[in-house]
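First up is the structure itself, then whatever we jot down about it.
Residue numbers begin at 1 in each chain, while the letters A, B, ... track the order of the sequences. Every heavy atom of this structure was used, including side-chain atoms; hydrogens, water molecules and symmetry mates were not.
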There are 2 protein chains.
Amino acid sequence: MARERKFSDEDLFLATKELLLDHGYEGFTFGLLAERLEVSRSALYKYFGNKEELIMEFMMYEMDQFMDKLGKIKEYDRFEDQFDYLLELMMSHPNIHQLIEIGRHVPVNNQKLEEKNEKLDGLHLNMYQSLIGFVRLGKEEGKLKAHIPDTLIVGYILQSFLVPNFAQIPHSEWVQSIKEIIREGMFINNS
Amino acid sequence: MARERKFSDEDLFLATKELLLDHGYEGFTFGLLAERLEVSRSALYKYFGNKEELIMEFMMYEMDQFMDKLGKIKEYDRFEDQFDYLLELMMSHPNIHQLIEIGRHVPVNNQKLEEKNEKLDGLHLNMYQSLIGFVRLGKEEGKLKAHIPDTLIVGYILQSFLVPNFAQIPHSEWVQSIKEIIREGMFINNS
DNA sequence: ATTGAAAGTGACACTTTTGTCACTTTAGGC
DNA sequence: GCCTAAAGTGACAAAAGTGTCACTTTCAAT
């Protein structure tokens, strides 16, 4: 009934993600995105009224995907298994933390955006609670140090995957080392 | 002989730093900076031909300051003392890593910028070598785990100070915990 | 084959940022 | 007191980004 689209939602959101990570919120433009998708700029306005709306839609898409997977952490009972699962997850979404930060820069001007923003805040809260739950379990099981603040443990795990691998250390070795530092630190233990 | 300036270099570079961290490279404008300094936009063009030049100058200023202090790490012989010194230093320059990343986004158009860019690359190399030297010493003294890549150790320490302290944990507790995670990780050691 | 709904486009007016320039202001040396 | 060099300004034109609109293209159901 209608003409075939030149790009899928996945294409669009992928391009959006790359451009946001490259240029940041203020450097992201409809022109850049249109160029990347090889369509005219005005075509994009058929789907999104403006940059703010587009980025909010993107954030919801990204967070939904991430939360789908993060929610599954509850399927593991033991903390150690949750830990392994979480680290795997973070490897496949290394910059979720960065994206959320970029999302916070979006100015909320009108009613429509206000609603989306509240939904997004809800997703962030879910994410935060999931992760805090994970930390609490770790402390209850006597695996995580009780005196380190929950928020630092969460922030630290999210942040760990942003260390740039300039020297091109092979992926598996890199992940293994990150995991070890998180667990036991980088110092040799003389106890 | 000349009129008094309305802002010092320090004022200017401090405002530049804050705006860059807030808005990123592409969101930084002469208009914003002029507003912050309460001068006209055109006044700024008396000192810097354009945004690229200004940011390059800022990066050199920032890196010079940081390297002055980082260079002093050699005054400590023992690795443990160097480690303490480095962490103190990073606390007072928590976003040096971020700023360097922003600096990399500056497009190098002309000869003049090319020169500054090379100088800046030199400073980055110095910084990198200093930090790698620190890690090597740690490994030689048997303090740091030998099998973890040098670049990961360096990146990890730099990254640690970017974990956002949303929950407003008191500064000293926060720092203490970061230090502990870096050294011995967040897991309880059952050995 | 016709047609209408969705996809896509180029052109336009508007806003923001950029860089320049002729001009004014100010303070210290004479 | 006057001169002048540096500091600062407002106005301008050019460039880049935004949002809209009338228009064309395409596909499939009839």
Next item on the list: Nearest-nucleotide wise, let me know which of A:Arg3 and B:Phe7 is further upstream toward the 5' end of DNA chain D.
Entry: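 It is B:Phe7, whose closest nucleotide lies nearer the 5' terminus.
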Check: Can you tell which of B:Lys51, B:Glu52, B:Glu53 makes a side-chain contact (heavy atoms from CB on, under 4.5 Å) with B:Ile55?
Finding: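 Looking at B:Lys51, B:Glu52, B:Glu53, the match for B:Ile55 under the side-chain contact (heavy atoms from CB on, under 4.5 Å) is B:Lys51.
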Checklist line | Nearest listed nucleotide, side chain of B:Arg5, among C:dA7, C:dG19, D:dG8 | finding: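 For B:Arg5, the side-chain atoms sit closest to D:dG8.
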Note to self: So, OP1 or OP2 of D:dT9: does either fall under 4.0 Å of a side-chain N or O from B:Tyr45?
What the structure shows: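 For B:Tyr45, the contact criterion (side-chain N or O under 4.0 Å from OP1 or OP2 of D:dT9) is not met.
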Check: Reckon A:Lys46 has a side-chain N or O less than 4.0 Å from the OP1 or OP2 of D:dT20?
Finding: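 Result: no.
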Mind calculating the distance between [atom1] ([X]) and [atom2] ([N]) to the nearest angstrom?
X	N	atom1	atom2	result
B:Ile55	C:dT17	CD1	C1'	14 Å
B:Leu12	D:dA7	CG	P	13 Å
B:Tyr25	C:dT17	OH	P	15 Å

Note to self: So, taking the atom named CG in A:Asp68 and the one named CG in A:Asp64, what distance separates them when rounded to the nearest 0.5 Å?
What the structure shows: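 Going from CG on A:Asp68 over to CG on A:Asp64, the span is 7.0 Å.
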Margin query: Measuring centre to centre across the rings, with the benzene-like ring taken for any Trp, is B:Phe48 within less than 6.0 Å of B:Phe58?
Written below: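 They do not qualify: ring centres at least 6.0 Å apart.
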Item checked: is_close_aromatic(B:Phe66, B:Tyr61), centroid dist under 6.0 Å ->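 Here the rings of B:Tyr61 and B:Phe66 have centres that are no less than 6.0 Å from each other.
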Next item on the list: Select base, sugar-phosphate, or nothing to describe what B:Phe48 touches, counting heavy atoms under 4.0 Å on all strands.
Entry: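 No contact.
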Note to self: Quick check on contacts: within residues 27-43 of chain A, what sits under 4.0 Å from DNA chain C by heavy-atom distance?
What the structure shows: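 Result for residues 27-43 of chain A: A:Val39, A:Ser40, A:Ser42, A:Ala43, sorted by number.
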